[in-house]
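Input: a single structure, listed below in structure tokens.
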Amino acid sequence: MGKSTLVNSLTGEKVAITSDKPNTTRRRVTGISTTDDYQLILTDLPGWQRPIDPLTERMQQTVDASFEEVDAVLFVLSTRERIGAGDRYIARRVFTLDVPVVIALNKVDRLKAGHIATQMKTAAALGDFHALHPVSAKTGEGVPALREELVSLLPEGPLYFPAEQTTDLPLEAQIAELVREQALRLTREEVPHAITAEVVDIDERRVHVRIYTETESQKQILIGKGGSVVREIGTWARPGVEALLGRKVFLELQVKAAPRWRRNQTMLERLGL
């Protein structure tokens with residue numbers, strides 16, 4: 001769907017990691033866009049799913065709890081994928097929330113007008129929506145109009161966050177997510193779903209991040225021959241980490257197998273998941 005990319009585009013800052021792997025978003029991530037006229041607060045949530053372990057159970061609880069305090073719902077669909085049973089299930093949930101629902105039909109770039117029109121017609125049949133916007137989070141097409149639509153739905157009130165703040169994620173969580181983003185990009189098959197990351201230590205010159213997998217074989221894949229994969233993860237992640245910290249650092253990555261970590265409630269709590 002590209003909802004994290006769309007949140008980044010609407011916020012104007014990279015607040016959520018993105019990847020081509022499903023269920024990349026595991027926690028509630030808030031993107032904040034503040035101008036002289038408004039403060040738009042966007043909450044990027046994990047996708048709706050049937051819980052299969054404590055991690056996905058907690059992810060679904062995050063989704064359910066988040067809908068108790070929203071002024072509107074931005075329902076993101078992909079123009080490139082068939083709108084099917086899963087989308088209709090989510091539609092049934094969001095259209096009963098008694099708040100405006102804005103549908104964003106994402107990834108319209110490089111698609112024929114006829115295909116977009118067909119997808120818009122299908123999306124429009126999902127429920128009594130407030131507005132429907134075809135957009136491309138990748139190119140920015142349609143994003144300003146979508147932002148204006150969302151801003152028009154904001155209630156009057158004070159700022160919830162300082163004007164300079166762009167996300168509510170703690171710094172350590174942001175760094176860990178940047179490392180996980182690159183680990184997801186460089187691995188395949190079952191490995192991405194078994195990866196998580198945690199900041200162990202930060203000082204003026206060094207950032208130590210531990211990457212967890214569930215098995216020793218996954219650990220070896222993540223390390224790579226002669227450490228080639230984990231080095232590449234660090235090479236790609238370091239610029240983002242340095243931009244967050246505002247200084248040059250040595251990014252030290254350690255890979256560790258933590259069997260069944262997705263079922264370990266204590267570890268999930270520590271990771272903020």
Side-chain angles (χ1 to χ4, degrees), residues 4-5 7-21 23-34 42-44 46 55 137 161-188 191-214 216 218-258 261-262 264 266-273:
S4 296
T5 305
V7 167
N8 290 341
S9 185
L10 287 164
T11 304
E13 298 283 346
K14 183 181 176 68
V15 296
I17 68 168
T18 61
S19 86
D20 58 359
K21 311 298 190 299
N23 301 318
T24 295
T25 304
R26 288 175 173 168
R27 67 178 83 213
R28 171 177 167 152
V29 179
T30 298
I32 307 155
S33 175
T34 306
L42 299 159
T43 301
D44 185 17
L55 173 60
F161 296 94
E164 68 278 3
Q165 190 170 343
T166 58
T167 183
D168 65 344
L169 269 190
L171 178 64
E172 289 83 357
Q174 293 181 62
I175 291 171
E177 285 287 88
L178 288 173
V179 171
R180 184 169 72 92
E181 180 179 44
Q182 297 307 322
L184 292 176
R185 189 177 68 83
L186 293 167
T187 54
R188 293 289 181 269
V191 179
H193 301 290
I195 292 173
T196 193
E198 177 183 31
V199 172
V200 179
D201 187 44
I202 300 178
D203 60 33
E204 283 301 310
R205 297 183 178 182
R206 183 184 71 114
V207 176
H208 179 193
V209 178
R210 187 174 295 140
I211 307 173
Y212 294 100
T213 63
E214 288 195 315
E216 285 294 330
Q218 292 165 351
K219 173 183 171 180
Q220 294 309 314
I221 291 171
L222 203 59
I223 292 173
K225 186 175 181 180
S228 59
V229 176
V230 73
R231 270 200 308 274
E232 190 172 1
I233 292 169
T235 298
W236 284 94
R238 189 174 65 250
V241 173
E242 290 178 338
L244 275 178
L245 295 174
R247 63 180 185 273
K248 295 286 186 181
V249 293
F250 171 65
L251 180 58
E252 178 185 346
L253 300 183
Q254 172 192 11
V255 184
K256 183 177 180 179
W261 70 261
R262 285 179 282 187
N264 185 328
T266 302
M267 186 168 176
L268 293 173
E269 194 72 34
R270 193 179 78 231
L271 292 170
L273 297 173

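The first residue in the sequence is number 1, and the count goes up from there.
- Distance check, rounded to the nearest 0.5 Å: CZ of R180 to CD1 of I233 gives 12.5 Å.
- Each of V207, V200, D201, I202 was checked for a side chain to side chain contact (heavy atoms under 4.5 Å, CB included) with E172, and the lone residue meeting it is I202.
- The backbone N or O of G226 sits less than 3.5 Å from a side-chain atom of R231, completing a donor-acceptor pair.
- In this structure, W261 and T213 approach most closely via the heavy-atom pair CD1-O, 3.9 Å.
- Of the residues listed (R238, E242, R206), the one engaging L251 in a side chain to side chain contact (heavy atoms under 4.5 Å, CB included) is R238, and it is the only one.
- Note that CD1 of I32 and CD of E164 are 10.0 Å apart. Values are rounded to the nearest 0.5 Å.
- The distance from the CG atom of L222 to the CD1 atom of I195 is 5.0 Å, given to the nearest 0.5 Å.
- In this structure, CE in M267 is found 9.0 Å from CG in L273, a value given to the nearest 0.5 Å.
- Contact annotation: the side chain of V7 never approaches that of V29 to less than 4.5 Å [non-hydrogen atoms, C-beta and beyond].
- Between L169 and Q174, the closest heavy-atom pair is O-NE2, 2.9 Å.
- We find the CZ-CG distance between R185 and D20 to be 10.0 Å, quoted to the nearest 0.5 Å.
- Panel note: side chain R262, backbone H193; a donor-acceptor pair is recorded below 3.5 Å.
- Smallest separation of non-hydrogen atoms from A194 and R26: N-NH2, 4.5 Å.
- When each of T11, T167, N8, V15 is paired with L42, the side chain to side chain contact (heavy atoms under 4.5 Å, CB included) condition holds for T11 and for no other.
- By the 4.5 Å heavy-atom criterion applied to side chains, L55 and L268 are counted as neighbours.
- At least one donor-acceptor pair closer than 3.5 Å links the side chain of D168 to the backbone N or O of T30.
- For the pair V209 and A197, the tightest heavy-atom approach, listed with the atom from each and the gap, is CG1-CB, 4.1 Å.
- Taking a 6.0 Å sphere around CZ of R205, one finds it holds 12 or fewer heavy atoms contributed by other residues, nucleotides or ligands.
- The two residues S4 and T25 come nearest to each other via the heavy atoms OG-OG1, 3.0 Å.
- Counting heavy-atom neighbours within 6.0 Å of E13 CD, excluding the residue itself, gives a total of 12 or less.
- What you find for L184 and S19 is that their closest heavy atoms are CD1-OG, 3.9 Å.
- In this structure, Q182 contributes its side chain and A237 its backbone to no donor-acceptor pair below 3.5 Å.
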